[in-house]
Amino acid sequence: MDTVHIFDTTLRDGEQSPGFSMNCDEKVALARRLEALGVDVIEAGFPVASAGELDAVRAVAAAVRTARVAALARARREDVEAALAALKPAAQPRLHVFLATSDLHLQAKLRMTRREALEAISCWVRYGKERCPEVEFSAEDASRSDIRFLLEAMETAAEAGATILNLPDTVGFSTPEEYGAMFHRVRNHLGRVENIILSAHCHNDLGLAVANSLAAVRAGARQLECTINGIGERAGNASLEEIAVALAVRQNFFDVRTNIHLEEIYSASRTLCEITGVSVPPNKAVVGANAFAHEAGIHQDGILKNPLTYEIIRPEAVGVPTRRLVVGKHSGRNALRTRFIELGYTLSEQELRDCYRAAMDLADSGREITDRDLLTLIHQARRQNRSVAVPANATVVCGEAQ
Ligand code: KIV
Ligand code: ZN
């Protein structure tokens, strides 16, 4: 079975989004977490951006031992020199050179002809390859490039020594069919060039970043570039946790594996939230607070009988401490009874009826029901039934069972 390499760009593309800037120590702390997660490549930053960025990339390069460390550079001398300097202490350095290949970017942004672009690719990939054992070339805005020119650019980069060729959907414009077709075209064209890994790099402007990345895998990509929690420019990059879990849960379909230790996913996500102070939306796949929460009574009943009824991922498999059965207005009696047992209370049928009715009244008021509410309800019910009983395993604080 082929391995799809995971190239994490949280520290570079992820950090480029507002509110996600990280200092040197924070970058090193997150890099260590990414290494424990099992990512194959850590893109540590864009060293030419500032002296502080160069130092941070160098510190990550020195700290990381098992993963490759990549540094980004435009196809120009000062960028490549800065990236090479930052990568000096790396055990396994990778220089990542990029240049746009779409006419829009070439004309409006770079004011370069296609010929000049090919010359720059050839020059700076070759220069990098003479000084760094591994060079990746990215054709920025590949998905909006003229396919014939894109093929020429890929061929030029490969001939100059790049062994990883990345085809970014820079503005998240592509669809899975189109993106996959582009990989087929490039793969067929480069058929005779050996030892080339094709890579996908997708942005989420149309919410298709993960779907496009997976389509690329189906079309032969063996490296995926992604970020923790899907952070990144504008609407973000493809989310690492969604990609890794999709490839694992649907392994029979994709027929590939990754080196990701799935059980480390949740703590990597939490580390990023703690460092940046930005939390993930509750409904975010895999790592959102609701990803393993069940409120509807029918679902809760199913989960209690067999979790496979409504869960395709075991929470423990991705490091989530436990699933949550939330008591809300859609909940059923079975879930309520179970939650009370977890809190240390075994309810009679009458108590369950009373508590359920009172819980639904509370839920109808639009409020989330907490464990404290449930304790109040059972005490009220028992008081009313003149049979207040404190369970053996409950502690009593200020006269109330906690
Ligand atoms: O989105 C993009 O095209 C990029 C490249 C620099 C790889 O981030
Ligand atoms: Zn990007």
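Counting starts at 1 for both ligands and their atoms, following the listed order.
Nearest N, O or S atom of His201 to the Zn ion (ligand 2): atom NE2.
Residue contacts with ligand 1, taken as heavy atom pairs separated by less than 4.0 Å, involve Asp13 solely via side-chain atoms from C-beta onward. For Glu233, no heavy-atom contact with ligand 1 is shorter than 4.0 Å. Contact annotation for Glu136 and ligand 1: no heavy atom of the residue comes within less than 4.0 Å of the ligand.
For atom 4 (C) of ligand 1, the nearest protein heavy atom (residue, atom name, distance) is His201 NE2, 3.5 Å. What sits closest to atom 3 (O) of ligand 1 on the protein, heavy atoms only, is Thr170 OG1, 2.6 Å. Of the protein's heavy atoms, Arg12 NH2, 4.0 Å lies nearest to atom 5 (C) of ligand 1.
Taking only nitrogen or oxygen atoms, main chain and side chain alike, His96 does not reach within less than 3.5 Å of ligand 1. Here's the thing with Glu140: none of its N/O atoms is less than 3.5 angstrom from an N/O atom of ligand 1. When only interatomic distances are considered, the shortest N/O to N/O separation between Ser138 and ligand 1 does not fall below 3.5 Å. No N or O atom of Glu225 sits closer than 3.5 Å to an N or O atom of ligand 1.
For the pair Ser143 and Thr170, the minimum side-chain heavy-atom distance is 4.5 Å or more.
Asp371 and Arg339 are joined by a salt bridge, as a carboxylate oxygen and a charged side-chain nitrogen come within less than 4.0 angstrom of each other.
In this structure, His299 and Tyr310 have parallel ring planes: the angle between them is below the 30° cut-off, well short of the 60° mark. A perpendicular orientation is assigned to the rings of Tyr127 and Trp124, their planes being inclined by more than 60° (bins at 30° and 60°).
Numbered from 1 in the order shown, with element, the atoms of ligand 1 that lie under 4.0 Å from a heavy atom of Pro168 read 2 (C), 3 (O). Under a 4.0 Å criterion applied to the non-hydrogen atoms of His203, ligand 1 contributes the atoms 1 (O).
In this structure, Thr309 OG1 and Gln300 CD are separated by 11.0 Å, a value rounded to the nearest 0.5 Å. Annotation: the span from Thr101 atom OG1 to Asp141 atom CG amounts to 7.0 Å, rounded to 0.5 Å.
Nearest heavy-atom pair across Phe149 and Ala117 is CZ-CB, 4.2 Å.
Results of the side-chain contact (heavy atoms from CB on, under 4.5 Å) test with Tyr345 over Arg337, His379, Glu351 single out His379 as the only residue that passes.
Metal site remark for the Zn ion (ligand 2): Asp13 contributes an N, O or S atom at a distance under 2.8 Å.
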>> Would His189 and Met154 count as a side-chain contact (heavy atoms from CB on, under 4.5 Å) here? Give the steps.
In response: CA-CA 9 Å; His189 188 75; Met154 289 291 126; 6.0 Å; no

